[in-house]
Amino acid sequence: IELNTTHTQITFFLLTGVPGLEDIQIWISIPFSFMYFLAVFGNVLVMAVIVWDRSLHEPMYLFLAMLAFNDVLLCTVTVPQMLLIFWQGPLAAAFPACLTQMFFVHALFLSESAVLLAMAFDRYVAICTPLHYTTLLTGSLIVKVGLALVARSVAVVTPGVLLILRLDFCRSNIIHHTYCENMGIAKLACNSITLNSIYGLSAALLTTGLDFVFISLSYWFILKTVLQLPSREARTKAFGTCGAHICVILIFYTLAFFSFFTHRFGHHVARHTLILLANLYLLIPPTMNPIVYGIKTKEIRVRVV
């Protein structure tokens with residue numbers, strides 16, 4: 001028996017927000033609005049301080065400016081749209097616009113991880129090989145690092161977009177989420193998404209996963225070096241220069257890995273919990289990073305005050 005199926009080409013997706021919490025989304029928008037304001041204001045302030053003060057034009061602070069810039073873009077790609085859904089209800093997103101948002105969400109997330117790796121390398125060189133710091137971390141190298149992290153993000157995320165384009169969408173066009181993300185779109189397809197799933201998992205492990213491994217190795221060598229310093233004052237000072245970065249790393253990777261594994265293996269977790277987690281791991285790091293650096297980094301704190 002041959003069954004005739006008609007495939008309707010989807011031209012837009014309908015983003016519904018947080019499933020099951022539609023009645024209280026207006027209240028959820030209040031803390032999210034406040035966090036978004038803090039994230040944008042705090043990161044712009046950090047960037048302004050670093051740009052205006054020439055004494056801060058050092059590798060450590062230039063990487064921090066990169067992180068702040070990436071943070072502003074990362075939360076701006078998702079939060080305004082999410083707030084609009086919370087305030088006005090489901091939002092229609094054209095197919096190309098949805099793919100564009102998906103591209104930037106994943107690319108900026110990967111570049112955030114890459115900047116954190118670059119910052120860990122900066123601390124490693126400063127503490128483990130301080131005599132080579134100025135010769136290794138030159139202005140041209142920092143520019144190359146910036147270009148490399150952009151290139152890596154584009155190279156890794158683009159195949160994910162192309163894998164979405166090969167799919168046929170003949171089912172629902174409703175995405176129970178606040179923004180367009182890879183697997184959320186892929187699951188609406190009527191053909192196999194095994195390749196999408198394998199590529200997504202492999203890309204995450206070979207980028208963010210490897211970044212975390214290299215960052216951990218850097219701090220293992222830093223810890224060994226610091227513990228060999230002769231005076232307690234020197235050890236305290238060395239740990240002090242790493243304190244803010246360690247806090248930022250823990251916030252970013254703890255939330256990212258928790259959300260990632262909960263989505264993959266938490267089949268009994270309520271869907272609204274998964275959606276809120278997916279929003280928080282993109283919003284909490286940009287909100288917390290300028291606060292952490294403002295409190296823990298004397299040079300930033302003094303100039304802001």
Side-chain angles (χ1 to χ4, degrees), residues 35-53 55-79 104-127 133 137 139 141-154 156-157 207-208 210-212 214-216 218-219 222 240-257 280-301 303-304:
M35 288 167 69
Y36 178 61
F37 170 76
L38 277 182
V40 173
F41 178 76
N43 285 295
V44 168
L45 191 59
V46 167
M47 283 189 286
V49 166
I50 293 169
V51 168
W52 287 335
D53 194 328
S55 67
L56 296 181
H57 290 186
E58 298 174 11
M60 175 182 170
Y61 300 109
L62 293 175
F63 285 133
L64 177 54
M66 278 188 204
L67 184 70
F69 180 65
N70 196 87
D71 279 341
V72 171
L73 294 179
L74 182 62
C75 57
T76 300
V77 164
T78 57
V79 179
F104 280 108
V105 166
H106 294 292
L108 289 166
F109 181 79
L110 289 186
S111 59
E112 179 102 352
S113 181
V115 175
L116 291 175
L117 175 60
M119 294 172 86
F121 177 70
D122 168 77
R123 291 300 84 206
Y124 167 77
V125 176
I127 292 170
Y133 187 75
L137 287 159
L141 179 71
I142 292 166
V143 170
K144 286 173 186 173
V145 168
L147 293 172
L149 65 89
V150 170
R152 186 186 81 157
S153 293
V154 172
V156 172
V157 177
T207 51
T208 313
L210 273 183
D211 289 347
F212 182 71
F214 288 133
I215 289 170
S216 301
S218 297
Y219 273 98
I222 288 169
T241 63
C242 299
H245 187 235
I246 291 169
C247 289
V248 165
I249 287 167
L250 289 174
I251 291 167
F252 178 78
Y253 286 105
T254 302
L255 281 167
F257 288 138
L280 288 171
Y281 90 82
L282 295 181
L283 183 56
I284 289 178
T287 305
M288 293 302 298
N289 291 353
I291 295 171
V292 169
Y293 275 101
I295 293 169
K296 294 230 172 234
T297 310
K298 183 183 175 183
E299 291 80 4
I300 299 288
R301 185 173 65 249
R303 282 157 181 80
V304 168

Next on the checklist: Please report the interatomic distance CG(Leu108) to CG(Asp71), rounded to the nearest 0.5 Å.
Outcome noted: 9.5 Å

Checklist entry - With a 4.5 Å heavy-atom cut-off, do Thr207 and Ser113 have their side chains touching? => result no

Checklist outcome for this item: Tightest non-hydrogen contact, residues Ala118 and Val145, listed as CB-CG1, 3.9 Å

Checklist entry - Hey, what do you get for CG (Leu250) to CE (Met288), rounding to the nearest 0.5 Å? => result 12.0 Å

Checklist entry - Are the side chain of Thr76 and the backbone N or O of Leu73 linked by a donor-acceptor pair below 3.5 Å? => result no

Checklist entry - Is Phe212 close to Leu116 at the side-chain level, that is, under 4.5 Å between some pair of heavy atoms? => result no

Item to check | CZ/Phe69: more than 12 non-hydrogen atoms of other groups inside 6.0 Å | outcome: no

Checklist entry - When rounded to the nearest 0.5 angstrom, what is the spacing between CG in Leu137 and CD1 in Ile142? => result 6.0 Å

Next on the checklist: I'd like to check Ile215 versus Met119 (side-chain heavy atoms, cut-off strictly below 4.5 Å). Are they in contact?
Outcome noted: no

Checklist outcome for this item: Smallest heavy-atom separation, Leu283 atom then Thr287 atom, equals O-OG1, 2.8 Å

Next on the checklist: If you compare all heavy atoms of Ser153 against all heavy atoms of Leu110, which two are closest, and at what distance to 0.1 Å?
Outcome noted: OG-CB, 3.7 Å

Checklist entry - Considering all heavy atoms of both residues, which atom of Ile127 and which atom of Cys242 are nearest to each other, and what is their separation? => result CD1-SG, 3.4 Å

Item to check | Smallest separation among heavy atoms of Val115 and Phe63, with atom names | outcome: CG1-O, 3.6 Å

Checklist entry - Rounded to the nearest 0.5 Å, how far does CG of Asn289 lie from NE2 of His245? => result 9.5 Å

Checklist entry - Is any side-chain heavy atom of Asn43 less than 4.5 Å from a side-chain heavy atom of Leu67? => result no

Item to check | Side chain proximity check, Val44 to Met47, heavy atoms < 4.5 angstrom | outcome: yes

Item to check | Asp122/Tyr133 under side-chain contact (heavy atoms from CB on, under 4.5 Å): CA gap, chis, key distance, verdict | outcome: CA-CA 8 Å; Asp122 168 77; Tyr133 187 75; 2.5 Å; yes

Item to check | Short side-chain to backbone donor-acceptor contact, Arg152 and Leu147, under 3.5 Å | outcome: no

Item to check | is_close_aromatic(Phe109, Phe252), centroid dist under 6.0 Å | outcome: yes

Item to check | Main-chain N/O of Leu62 paired with His57 side-chain donor or acceptor, under 3.5 Å | outcome: no

Checklist entry - Looking at side-chain heavy atoms only, is the closest gap between Val79 and Met35 below 4.5 Å? => result no

Checklist entry - Looking at CD1 of Ile222 and CD1 of Ile246, how far apart are the two atoms once the value is rounded to the nearest 0.5 Å? => result 7.5 Å

Checklist entry - Please walk me through it: do Thr254 and Tyr281 pass side chain to side chain donor-acceptor pair (under 3.5 Å)? => result CA-CA 9 Å; Thr254 302; Tyr281 90 82; over 6 Å; no

Item to check | Heavy-atom check, side chain of Leu117 versus side chain of Leu210, under 4.5 Å | outcome: no

Next on the checklist: Distance check, rounded to the nearest 0.5 Å: Leu149 atom CG versus Lys144 atom NZ?
Outcome noted: 14.5 Å

Checklist entry - Do Tyr253 and Thr208 come close enough that some side-chain heavy atom pair is under 4.5 Å? => result yes

Checklist entry - What heavy-atom pair brings Cys247 and Val292 nearest, and what distance separates the two atoms? => result CB-CG1, 3.8 Å

Checklist entry - Taking atom CZ of Phe104 as the centre, does the number of heavy atoms from other residues, nucleotides or ligands within less than 6.0 Å exceed 12? => result no

